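Quick notes on the structure that follows.
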There are 2 protein chains.
Amino acid sequence: MSYPSNITSTRAEKTRNRLLKSTESIFANRGFSGLTLREVAQRSQTNLASAHYHFGSKEAMVLEMLKSRVKPINQRRMECLQEAREKTGDKPLTTQQILQALILPIGEEIAKSTHSRETLAQLVARTFTEPARFIEKMHRKFFGDLCEIFMDELRRTHPHSEEEDLYWNLHLAISSMLGALAQHRRLKDFSKGNCKEEDTQEMIERLVVFASHGFEAGISK
Amino acid sequence: MSYPSNITSTRAEKTRNRLLKSTESIFANRGFSGLTLREVAQRSQTNLASAHYHFGSKEAMVLEMLKSRVKPINQRRMECLQEAREKTGDKPLTTQQILQALILPIGEEIAKSTHSRETLAQLVARTFTEPARFIEKMHRKFFGDLCEIFMDELRRTHPHSEEEDLYWNLHLAISSMLGALAQHRRLKDFSKGNCKEEDTQEMIERLVVFASHGFEAGISK
DNA sequence: GTCTATAGAACGATAGAC
DNA sequence: GTCTATCGTTCTATAGAC
């Protein structure tokens with residue numbers, strides 16, 4: 001999936017979607033202050049005023065792009081959780097099942113061909129280095145509720161663990177996921193050719209194992 | 001430790017050090033393209049031309065600042081490794097000892113009072129979202145050799161593990177460290193007050209446990 | 001070495017023609 | 001809705017007085 005580009009979309013919608021697509025790629029690579037409306041307009045094959053017409057401002061445009069990227073991933077996360085619940089019935093999920101629901105959807109999204117392999121990973125990385133106020137707000141809005149849903153699931157799985165331990169280790173699991181995504185492009189260099197950075201699927205699988213065992217080691221039983 | 005501010009330093013050196021200190025804080029908070037020489041000059045209580053006089057360009061100044069911050073941390077890492085080797089004698093180190101040598105020095109540095117609690121963590125986060133070519137170069141230069149030293153130690157500890165597994169999981173350990181540092185400021189919000197983000201020491205300790213167990217779970221024995 | 005002044009380019013935003 | 005032209009601002013960089 002890319003930004004909606006139905007057969008029925010008007011010319012205006014197409015322009016809008018091209019703007020969002022360019023915004024995604026440039027923001028991922030250079031951050032908010034590195035993104036210029038001129039470059040967005042040029043890559044979108046439209047004019048400088050277009051971004052303002054469709055979104056009102058640079059900030060509003062970036063925010064719109066972020067929303068459209070985060071939403072489907074979070075939806076998929078909820079679906080994965082639901083699928084796991086149906087599979088295990090009344091029993092609590094395993095830590096690994098829960099963290100898979102958190103991590104796998106990003107892998108699926110990266111694997112989709114509409115984005116360069118690096119773009120989404122870089123985009124995710126941006127959302128936690130960009131200090132702009134509006135990014136903070138977005139973060140809270142999109143991940144606040146989601147975190148509580150995952151926390152509830154973890155509480156069910158680890159009923160005797162301290163709240164503090166669960167929060168800390170979910171935080172570490174999420175941090176390691178984001179860190180791994182952000183660092184992924186460095187892997188090939190780093191490993192002197194021993195690991196292939198192209199293999200996103202392998203990263204995701206290894207990440208799930210790493211995070212699940214790290215998590216379980218960190219909570220008091 | 002801060003930037004060298006010996007009693008013997010000349011006025012020029014003091015200006016230079018003020019510039020580096022301002023650069024550190026602004027770069028950490030806003031990245032390369034968000035840093036302006038005007039703001040650096042203002043915060044350093046000097047003039048706009050000063051940065052160019054001392055460093056030649058904005059890029060050179062940021063690079064100099066990064067070098068001066070990374071060097072003492074990497075030195076401390078080598079010392080920690082050496083101390084661990086002396087303690088265990090001929091036996092290989094444990095995974096946890098090795099990862100402690102990687103992680104603890106950053107915690108020590110953050111704890112030092114010359115920087116705001118967030119600055120160094122943000123700075124580290126920057127080095128892996130900033131896409132500029134010169135950051136990539138710095139990364140390779142400063143961490144390339146260090147990684148191989150840690151890999152050698154890990155090979156000694158896990159002689160029957162595949163190279164690929166060791167690289168992958170060291171990569172994941174480093175990624176989780178960087179991710180945790182970068183995300184640290186979000187912890188308080190995220191945990192709804194259950195975890196105190198002020199407690200860097202606790203993060204470091206939990207991170208060591210998380211990463212060590214994640215690492216060991218990921219390598220074939 | 002420190003500073004002022006300014007060149008020269010790029011920025012976000014907007015007015016108004018079509 | 002799309003586009004050109006341009007305003008006012010801000011940027012890095014530099015020249016030259018002290």
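Remember, it's a predicted structure, so these values are computed and weren't measured experimentally. A, B, ... follow the sequence lines: proteins, then strands. Residue 1 opens every chain.
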Inset, instruction - Verify salt bridge (Lys or Arg N to Asp or Glu O under 4.0 Å) between A:R76 and A:E109, making sure each step is shown before the conclusion. - result: CA-CA 10 Å; A:R76 189 77 190 99; A:E109 200 64 28; over 6 Å; no
Legend entry - Pair listing, salt bridge (Lys or Arg N to Asp or Glu O under 4.0 Å) test, anchored in residues 40-51 of chain A, at least two apart: A:E39-A:R43
Inset, instruction - Under the side chain to side chain contact (heavy atoms under 4.5 Å, CB included) rule, collect the residues that match up with B:Q183, sequence neighbours excluded. - result: A:F128, A:H139, A:H171, A:S175, A:L178, B:R186
Legend entry - Rounded distance [0.5 Å steps], OG1 in B:T23 versus CG in B:N17: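 Separation between the atoms: 11.0 Å.
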Inset, instruction - Could you tell me whether B:E83 atom CD has more than 12 heavy atoms of other residues or ligands within 6.0 Å of it? - result: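 Check passes, neighbour count above 12.
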Mind calculating the distance between [atom1] ([X]) and [atom2] ([N]) to the nearest angstrom?
X: A:K14; N: D:dT2; atom1: NZ; atom2: P; result: 12 Å
X: B:R18; N: C:dT2; atom1: CZ; atom2: C1'; result: 11 Å
X: A:R16; N: D:dG1; atom1: CZ; atom2: C1'; result: 14 Å
X: B:L37; N: C:dT2; atom1: CG; atom2: C1'; result: 16 Å

Inset, instruction - Take the C1' atoms of the five end pairs on each side of the helix from C:dG1-D:dC18 to C:dC18-D:dG1, get both axes, and report the angle to 10 degrees. - result: 0°
Inset, instruction - For A:F27, check ring pair (Phe, Tyr, Trp, His ring centres under 6.0 Å) against everything at least two apart and list the hits. - result: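 Applying ring pair (Phe, Tyr, Trp, His ring centres under 6.0 Å) to A:F27 gives none.
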Inset, instruction - For the pair B:E24 and B:R126, find out whether any cationic side-chain nitrogen is under 4.0 Å from an anionic carboxylate oxygen. - result: no
Inset, instruction - Identify, with sequence neighbours excluded, every residue that meets side-chain hydrogen bond (donor to acceptor under 3.5 Å, both in side chains) alongside A:N194. - result: none
Legend entry - Neighbours of DNA chain D within residues 38-56 of chain A, by heavy-atom distance under 4.0 Å: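 Contacting residues: A:T46, A:N47, A:A49, A:Y53, A:H54.
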